[in-house]
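Presented below is the structure to which this report refers.
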Amino acid sequence: MMRALKTLAGAALALSVAVGGVQAQQVLFWSTQARPVEETQKMRDEVLKGFEGAVDYQVAEDGPWLTRLQAELQAGSGTIGLLGGLHGDFSTVGANLVDLSAVDVGGVKVNEAYKKLGMLGTGEQKYMPWMQATYLMAANKQALQYLPAGTDLNTITYDQLIAWSKNIAEKTGSPKFGFPAGPKGLKHRFFEGFLYPSYTGSMVTKFRSAEAETAWNKFKELWQYTNPNSTNYAFMQEPLLSGEVWVAFDHVARLADAFNKKPDEFVAFPAPAGPAGRGFMPVVAGVAIPKTSPDQEKAKALVAYMLKPETQIATLKATNFFPVVDVKLPDDMPASVKAFGPAIATMTGAPDALPALLPMGLGDLGGKFNQVYTDSFERIVLGGEDVHGVLEQQAAALKAIIDQAKAPCWAPDKPSTGACPVE
């Protein structure tokens, strides 16, 4: 009996060592991106399956993502092998990221502007661009008959969007503009990266300016013709498919299903322009290696793998985030990709294009920063409070967050020495 127990114990120990060896070979890919369950599974099953070695792709909200990373950095060791995140996710931890300048990407041409962003203002490649996306407008083709005379979707303005939405509501008997104003909707990104830049040329500095008051009053006009169910919407693809909404704004990944399921019913077009330009928010995601990564060479191999043309195409199919490398897209791409590609190119290449970067330098205060814009929307548009009074109060909250984070300005605001001013 004793001999049998020793044999079993030896077998268990051998199994434990074997399992431990497999776990040690895995690269933990800790990411804030592709969080919807379907996208996470596609990343595991379709995007990462070709990597020579096991990858454990795990996702987290921004706060927990940063908390775990900071805990490992503070401890001086950890299990995170590779980080996936947005530009702003990396801006506060740049000093603790491995220089990726020497990573061999096999002659692939990576977008130079995004590579420069990935240096985070240093001489090192703190992160490599991974994928890009943005937000767009979408419309049911039934809505096109109500476009105001002389309106071109490719050069549409906020005034024209309001007039269009008014026409649709009056002619059909119900408001059919849709906006992701639900608890999990990305409404804050619209105000930060689209409405504010288009009217003020700023995201932060001119938060309470006269131009900002004009912007909010314009959005109040638009809200009159907005489907009241918008306060429940998170993904605009669903109300577009149901016909509740005919015109909508959202992130491309949250519009894709409508185009893929009914490709002949919808058109995609650029975000509107205001007096200061056509504000839009490019979403640049990257991959980085923390200095506590347990196997930096394997993590670097995974960085190179993520930039291979075939991986970039698989990522596009899985997430609707577009490549950051020069690649010819195959003919069998989803309908959403075929629709979004030209609209993104038109928007980003427009003469009045005004890119507004995602907030950066805020660390774990990013959520509070976003909440300022959400609260302003809820008080001004939903609550009917005085625009000037609300902006005065919210500007004080915004300034306190920026000052606490000591975050310098980012585009479209002009660079600042020290915390970005809120005038």
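Both backbone and side-chain heavy atoms feed into the values below; hydrogens, waters and symmetry mates do not.
- Checked against a 6.0 Å centroid threshold, the rings of Phe340 and Phe322 do not count as neighbours.
- We find that Lys218 and Glu221 are joined by a salt bridge, their nearest charged nitrogen and carboxylate oxygen being less than 4.0 Å apart.
- Separation of atoms CG (Asn167) and CH2 (Trp164) is listed at 10.5 Å; rounding is to 0.5 Å.
- Judged purely by atom type and a 3.5 angstrom limit, Lys109 has no side-chain atom pairing as donor or acceptor with the backbone of Asp326.
- A heavy-atom distance below 4.5 Å is not found between the side chains of Leu255 and Phe266.
- Between Trp130 and Tyr57, the two ring planes are perpendicular [angle over 60°; tilted spans 30° to 60°].
- Between Tyr373 and Phe207, the ring-plane angle classifies as perpendicular under the 30° and 60° cut-offs.
- Taking CZ of Arg208 as the start and NE2 of His388 as the end, the distance is 9.0 Å to the nearest 0.5 Å.
- Atom NZ in Lys116 sits 12.5 Å away from atom CG in Asn111 (nearest 0.5 Å).
- Ring centers of Phe369 and Trp410: under 6.0 Å apart, within the cut-off.
- For the pairing with Leu362, the side-chain contact (heavy atoms from CB on, under 4.5 Å) check across Ile402, Asp62, Thr92, Asn370 returns one residue only, Ile402.
- Classification of the Phe377-Phe179 ring pair by plane angle, with boundaries at 30° and 60°, yields tilted.
- A search for side chain to side chain donor-acceptor pair (under 3.5 Å) contacts involving Glu38 returns nothing, not counting sequence neighbours.
- In this structure, Arg254 contributes its side chain and Gln237 its backbone to no donor-acceptor pair below 3.5 Å.
- Contact check for Met281 versus Met203: side-chain heavy atoms found under the 4.5 Å cut-off.
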What donor-acceptor contacts under 3.5 angstrom involve side-chain atoms of residues 285-293, with partners at least two apart or in another chain?
residue : atom : partner : partner atom : Å
Lys291  : NZ   : Ala95   : O            : 3.1
Ser293  : OG   : Gly81   : O            : 3.0

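- Taking the six-membered ring for Trp and the full ring otherwise, Phe191 and Trp216 have centroids separated by under 6.0 Å.
- No hydrogens or angles considered: nothing links the side chains of Ser31 and Gln33 as a donor-acceptor pair under 3.5 Å.
- Relative ring orientation between Phe190 and Phe194 is described as parallel, the plane-to-plane angle staying below 30° on a 0-90° scale split at 30° and 60°.
- Contact of the Leu195 side chain with the Tyr158 side chain is registered, since non-hydrogen atoms from C-beta on lie closer than 4.5 Å.
- Under 3.5 Å, the side chains of His87 and Tyr127 contain a donor-acceptor pair of N or O atoms.
- Side-chain N/O atoms of Arg68 and Thr79 include a donor and acceptor closer than 3.5 Å.
- Counted by atom type alone, Asp159 and Thr157 present zero donor-acceptor pairs between their side chains at under 3.5 Å.
- Contact annotation: the side chain of Leu307 never approaches that of Thr311 to less than 4.5 Å [non-hydrogen atoms, C-beta and beyond].
- Side chains of Arg189 and Pro359 form a contact here, defined as non-hydrogen atoms less than 4.5 Å apart.
- At least one donor-acceptor pair under 3.5 Å links the side chain of Gln394 to the backbone N or O of Val372.
- To the nearest 0.5 Å, atoms NZ (Lys317) and CD (Gln312) are separated by 13.5 Å.
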